[in-house]
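To keep things clear, I will list the structure first and then write my remarks on it.
Every value quoted in this text rests on a predicted model; they were computed, and no experiment measured them.
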Amino acid sequence: QVQLQESGPGLVKPSQTLSLTCTVSGGSITTAYYFWSWIRQPPGKGLEWIGYIRSSGTTYYNPSLKSRTSISRDTSKNQFTLQLSSVTPEDTAVYYCARVYYSDYEKGRDFGSWGQGTQVTVSS
């Protein structure tokens with residue numbers, strides 16, 4: 001049974017970098033056919049898919065966020081990370097990490113294995 005857990009600061013100041021870590025147990029982030037993904041949900045809005053890293057280490061980013069986004073991994077710790085730079089209050093959201101089968105990417109929360117989510121607030 002794969003489990004994912006998000007961790008990182010819950011409060012970030014504007015213009016700084018949001019950094020989150022997803023710790024995975026019960027499955028390897030080097031397993032093929034999965035997209036190891038970051039997703040967020042701003043208050044009152046739908047899911048926004050940020051991007052993913054694959055078993056090969058290649059990445060994909062939502063074009064609307066690409067210039068500010070970096071996803072990386074540490075295979076020795078079975079973790080992958082999100083960095084979102086130059087944040088504003090519009091980046092306030094619940095942030096999720098997820099393991100999603102490649103064909104289920106962007107289908108919604110009922111597909112794949114998701115962490116519980118972590119609230120990140122951008123405020124001075």
**Request:** Starting at CD of Gln5, measure out to OG1 of Thr23 and round the result to the nearest 0.5 Å.
**Result:** 7.5 Å
**Fill in**
In this structure, OG of Ser85 is separated from CG of Leu18 (nearest 0.5 Å) by 10.0 Å
**Message:** If you apply the rule side-chain contact (heavy atoms from CB on, under 4.5 Å), what do you find for Asn62 with Ile50, and how did you get there?
**Reply:** CA-CA 5 Å; Asn62 185 329; Ile50 299 169; 5.6 Å; no
**Message:** Centroid separation under 6.0 Å, is that true for the rings of Tyr105 and Tyr52?
**Reply:** yes
**Asked** Would a 4.5 Å heavy-atom cut-off, applied to side chains only, mark Ser70 and Tyr61 as touching?
**Response** yes
**Message:** For the residue pair Ser123 / Thr121, report whether a side-chain donor-acceptor contact shorter than 3.5 Å exists.
**Reply:** no
**Prompt:** Hey, quick one: are Phe35 and Phe111 part of the same hydrophobic cluster, counting side-chain heavy atoms closer than 4.5 Å, chains of contacts allowed?
**Reply:** no
**Complete:** Separation between CD (Glu6) and OH (Tyr96), nearest 0.5 Å, reads 8.5 Å
**Prompt:** Between OG of Ser25 and CG of Asn78, what distance do you get to the nearest 0.5 Å?
**Reply:** 8.0 Å
**Asked** Closest heavy-atom contact between Ser28 and Trp36?
**Response** O-CZ2, 3.0 Å
**Message:** Nearest 0.5 angstrom please: Ser37 OG to Phe80 CZ, how far?
**Reply:** 7.0 Å
**OG on Ser113 to CD on Gln1, rounded to 0.5 Å** = 8.0 Å
**Residue among Leu84, Val94, Thr92 satisfying side-chain contact (heavy atoms from CB on, under 4.5 Å) with Arg40** = Leu84
**Asked** How far apart are the closest heavy atoms of Lys13 and Val87, and which atoms are they?
**Response** O-CG2, 3.5 Å
**Message:** Around atom NZ of Lys107, are there more than 12 heavy atoms from other residues, nucleotides or ligands closer than 6.0 Å?
**Reply:** yes
**Request:** Say whether Tyr101 and Ile39 are linked into one hydrophobic cluster, either directly or through other cluster members, by side-chain heavy-atom distances under 4.5 angstrom.
**Result:** yes
**Shortest non-hydrogen contact from Thr21 toward Trp38** = C-CH2, 3.9 Å
**Item:** Within 45° cone of Tyr34 ring axis and under 6.0 Å: Arg99 NZ or CZ
**Value:** yes
**Item:** Test side-chain hydrogen bond (donor to acceptor under 3.5 Å, both in side chains) applied to Ser86 and Ser15, step by step
**Value:** CA-CA 4 Å; Ser86 303; Ser15 81; over 6 Å; no
**Backbone N/O of Gln79 and side chain of Arg73: donor-acceptor pair under 3.5 Å** = no
**Message:** Please find the pair of heavy atoms, one from Ile29 and one from Asp74, that lie closest to each other, and give the distance.
**Reply:** CD1-O, 4.1 Å
**Prompt:** Do Ile53 and Thr58 have side-chain heavy atoms sitting under 4.5 Å apart?
**Reply:** no
**Request:** Please assess Ser55 against Tyr33 for the test side-chain contact (heavy atoms from CB on, under 4.5 Å), listing each intermediate value before the final yes or no.
**Result:** CA-CA 8 Å; Ser55 60; Tyr33 303 115; over 6 Å; no
**Asked** Is Trp114 close to Leu4 at the side-chain level, that is, under 4.5 Å between some pair of heavy atoms?
**Response** no
**Asked** Would the number of heavy atoms belonging to other residues, nucleotides or ligands and lying under 6.0 Å from CZ of Arg54 be above 12?
**Response** no
**Message:** One pair to check against side-chain contact (heavy atoms from CB on, under 4.5 Å): Ile71 and Thr81. What are the steps and the verdict?
**Reply:** CA-CA 6 Å; Ile71 297 173; Thr81 63; 6.0 Å; no
**Request:** Determine the minimum heavy-atom distance between Gly108 and Trp49, stating which atoms define it.
**Result:** N-CZ2, 3.9 Å
**Message:** If I compare all heavy atoms of Pro14 with all of Ser124, which pair ends up nearest, and what's the gap?
**Reply:** CD-N, 3.6 Å
